[in-house]
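Here is how names work: the chains are called A, B, and so on, in the same order as the sequence lines, proteins then strands, and each is numbered from 1.
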Amino acid sequence: MALIELRKISKAYGSVPALHELDLTVPEGCLYGLLGPNGAGKTTAMRILATLLAPDSGSVVIGGVDGLVQPREVRQLMGYVAQEVAIDKILSGRELLQLQGDLYHLPRNESETRIADLIERLAMGDWIDRRCGTYSGGMRRRLDLAAGLLHRPRLLVLDEPTVGLDIESRSAIWQLLRQLVDEGTTVLLSSHYLEEVEALADQLAIIDAGRVIAEGSPDQLKQRLGGDRVTLRIREFSNADEATQVRALLEPLDGVRQVVVNRSQGFSLNLVIEGGAVIDQLRQTLEAAGLPVFALAQSRPSLDDVYLQATGRTLMDAELAIAGQRDVKKEKRQSMR
Amino acid sequence: MTSPTASVALQQQPPGALSELSQETWALTRRLFLQLMRRPSTLIAGVLQPLIWLILFGALFANAPEGLLPGGMSYGRFLGAGVIVFTAFSGALNAGLPVMFDREFGFLNRLLVAPLRSRSSIVLASVIYITALSLLQSLAIMGTAAVLGYGWPGISGLALVLVTLLLLVFAVTALSLGLAFALPGHIELIAVIFVANLPLLFASTALAPLSFMPTWLGWLAALNPLTFAIEPIRAAYQGPLDLSAVLLEAPYGDVTGTSCLLILLVLTIGLFLAIRPLLNRKLS
């Protein structure tokens with residue numbers, strides 16, 4: 001049964017589109033990953049889910065409740081942990097959790113019991129009574145996560161929960177998320193870390209330019225691609241003409257399913273191959289054409305390959321391309337009420 | 001299409017709505033007071049600044065000729081009412097700052113994703129906090145003024161002072177909260193506070209009576225809401241309370257104590273009504 005159903009969600013900030021007819025179905029009881037580069041629309045989708053933002057069009061149904069008609073009911077069944085940790089530096093962690101308990105109308109006894117439980121589970125006991133202003137990034141993130149879980153939500157929505165965290169904090173959060181899913185909580189997690197989504201997600205959707213471009217379990221998505229991945233570099237920095245020439249040379253070979261020129265990485269070539277003999281065949285063909293081989297690497301398909309297959313660029317390239325276009329001040333204004 | 005679960009939820013009467021509203025309002029108010037206790041600089045500065053005005057300005061005109069001021073009162077007593085109002089006004093003008101910081105640092109979003117019974121609790125908590133703070137600061141100034149020999153109002157006078165201050169604080173808090181949601185950041189809000197504060201004080205009857213002012217300034221002072229708060233408080237310090245007495249001989253006509261309070265009441269209601277659409281939009 002689906003816990004989240006987003007249908008044809010579109011949202012634009014002025015003339016800049018953020019989501020374009022995004023469809024997303026998240027089954028209950030799983031950890032669902034949203035993978036995509038910064039600026040792909042993950043945060044906008046999550047803010048719409050959390051009722052912080054209204055879509056321009058489309059429908060949002062969570063746990064059978066229409067989020068656009070009954071937002072309060074949706075807030076009751078959801079815990080939302082935003083990308084930017086919003087804590088009150090003057091309060092202690094415990095006071096912040098007590099405030100959270102009151103905002104969710106928990107009876108005082110229940111709130112205190114739950115706070116004690118979360119302090120233990122997230123190993124916050126040593127510092128929870130210190131002021132939040134003294135916390136490290138990892139401590140703040142754990143506290144924020146505890147706040148999102150305080151009212152035992154059916155759905156936990158986490159926007160980039162481990163960005164910039166130390167290994168210990170990241171590991172503690174991963175462990176907790178696995179436990180939560182085992183206990184029946186549905187977790188929706190956005191990330192641009194491939195390894196995080198690959199390690200945690202039962203199901204995932206890859207988002208690019210405001211729409212879902214691939215959906216399924218990590219294994220399904222990789223199997224759908226099939227074959228091994230080969231990254232070939234003729235020389236350290238090639239050029240477009242040479243890369244096109246090499247592609248034309250390799251595409252007809254038996255066992256070569258696809259050749260993509262990766263412009264942002266020195267015009268290297270990303271190949272999809274079937275069969276063990278193809279590598280030797282590649283080397284021989286290049287040698288016969290008098291072309292050198294600067295580097296050649298073979299690997300099993302990854303989620304990055306899934307992204308590459310769908311968009312023609314790697315996640316990292318997408319990140320770099322978007323990084324130059326982002327206006328942090330404008331984004332902050334958009335997130336402000 | 002709404003699911004059966006949602007339909008049932010719609011039909012059910014929400015249990016303990018008032019209790020939930022008071023729980024969330026109390027929690028938000030408590031947070032503001034915890035901030036104040038741990039960073040009391042706002043409280044201290046809010047008392048210190050008017051105190052300096054009271055002491056220095058009081059001393060500056062301590063030897064003013066007798067009979068110069070209306071009713072033959074001393075300048076210290078005349079000034080006291082102005083400084084009390086200035087204290088409450090300055091405190092209330094800062095009401096929007098915590099809200100603005102919550103907007104800027106994303107804490108407001110934490111409140112908005114919670115299933116609050118009513119988002120008015122966010123505004124209500126700010127109003128409760130700033131009213132208590134402003135009254136506390138004003139009482140501190142009143143106490144100091146009494147120690148300095150500038151008098152103390154009787155019981156009925158004290159009631160009038162409190163009612164007048166409450167009306168003023170509500171009105172200015174509404175204005176400040178409106179600005180906190182309308183302006184893009186705290187720099188802009190602080191700039192508005194900075195620009196509004198002293199000119200409004202000088203263009204009122206806080207420091208001098210209308211008869212001392214040139215015509216244009218007299219008009220400004222007679223239209224300034226601070227004047228409508230200062231005059232009843234000044235009257236409360238002067239003796240037997242008579243709200244029907246003329247407290248202000250304004251260029252446009254005489255203004256009684258009752259009129260002053262009514263003007264403040266209308267202003268308060270008007271400002272809350274004026275900011276309501278903005279608050280609804282920002283908190284929806």
Undergrad: Would you please name every residue forming a side-chain contact (heavy atoms from CB on, under 4.5 Å) with A:Thr43, sequence neighbours left out?
TA: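 Once residues adjacent in sequence are excluded, the partners of A:Thr43 under the side-chain contact (heavy atoms from CB on, under 4.5 Å) criterion are A:Arg47, A:Gln83, A:Asp159.
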Undergrad: So, taking the atom named CG in A:Leu91 and the one named CZ in B:Arg38, what distance separates them when rounded to the nearest 0.5 Å?
TA: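 Taking CG in A:Leu91 and CZ in B:Arg38, the distance rounds to 6.5 Å.
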Undergrad: Within residues 161-175 of chain B, which residues come under 4.5 Å of chain A, heavy atom to heavy atom?
TA: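 Listed by number, there are no contacting residues, so the answer is none.
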Undergrad: Using the rule given for side chain to side chain contact (heavy atoms under 4.5 Å, CB included), can you reason through B:Arg117 versus A:Arg72, listing the C-alpha separation, both sets of side-chain angles and the distance that settles it, and then say yes or no?
TA: CA-CA 8 Å; B:Arg117 174 55 64 183; A:Arg72 188 167 180 265; 3.4 Å; yes
Undergrad: Taking every non-hydrogen pair under 4.5 Å, which of A:Met78, A:His151, A:Gln100 racks up the most with chain B?
TA: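 With the most close heavy-atom pairs to chain B, the winner is A:Gln100.
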Undergrad: Which residues pass the side-chain contact (heavy atoms from CB on, under 4.5 Å) test with A:Asp129, not counting sequence neighbours?
TA: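 Per chain and number, A:Asp129 pairs via side-chain contact (heavy atoms from CB on, under 4.5 Å) with A:Arg94.
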Undergrad: Using 0.5 Å steps for rounding, measure from the CG atom of A:Asp102 to the CG atom of B:Leu28.
TA: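 Rounded to the nearest 0.5 Å, the CG-CG separation comes to 8.5 Å.
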Undergrad: Need one label for B:Arg39: side chain, backbone, both or neither, based on atoms under 4.5 Å from any heavy atom in chain A.
TA: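 For B:Arg39, side-chain heavy atoms alone lie under 4.5 Å from chain A.
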Undergrad: Take atom CZ in A:Arg7; do more than 12 heavy atoms of anything else shown fall under 6.0 Å from it?
TA: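 Enclosed.
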Undergrad: Is the shortest side-chain N to carboxylate O distance from B:Arg110 to A:Asp88 below 4.0 Å?
TA: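 Salt bridge between B:Arg110 and A:Asp88, a charged N being under 4.0 Å from a carboxylate O: no.
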Undergrad: Mind checking which of residues 105-112 of chain A sit less than 4.5 Å from chain B, heavy atom to heavy atom?
TA: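 Those residues of residues 105-112 of chain A which have a heavy atom under 4.5 Å from chain B are A:His105, A:Leu106.
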Undergrad: Using every non-hydrogen atom in the two residues, find where A:Leu103 and B:Glu24 come nearest and quote the distance to one decimal.
TA: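 Shortest heavy-atom separation between A:Leu103 and B:Glu24 comes out as CD2-CB, 4.3 Å.
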Undergrad: Can you tell me how far apart CG (B:Asn109) and OG1 (A:Thr51) are? Round to the nearest 0.5 Å.
TA: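 Rounded to the nearest 0.5 Å, the CG-OG1 separation comes out at 10.0 Å.
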Undergrad: I need the residue from B:Phe107, B:Trp26, B:Phe101 with the largest number of non-hydrogen atom pairs under 4.5 Å to chain A.
TA: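 That would be B:Phe107.
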Undergrad: First locate atom CG of B:Leu32, then atom CD1 of A:Ile90, and finally report the distance between them rounded to the nearest 0.5 Å.
TA: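 Taking CG in B:Leu32 and CD1 in A:Ile90, the distance rounds to 11.5 Å.
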Undergrad: Is A:Ala50 close to chain B through its backbone or its side chain, or both, or neither, when contacts mean heavy atoms under 4.5 Å?
TA: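 It is both, since atoms from each part get that close.
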Undergrad: Answer with side chain, backbone, both or neither: which region of A:Ile87 has an atom nearer than 4.5 Å to a non-hydrogen atom of chain B?
TA: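 Its backbone and side chain both get close to chain B.
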Undergrad: Just verifying a value: how many Å separate B:Leu116 CG and A:Tyr104 OH, rounded to the nearest 0.5 Å?
TA: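 So the gap between those two atoms works out to 8.5 Å.
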Undergrad: From B:Phe105 CZ over to A:Lys89 NZ, what is the distance, rounded to the nearest 0.5 angstrom?
TA: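 So the CZ of B:Phe105 and the NZ of A:Lys89 are separated by 6.0 Å.
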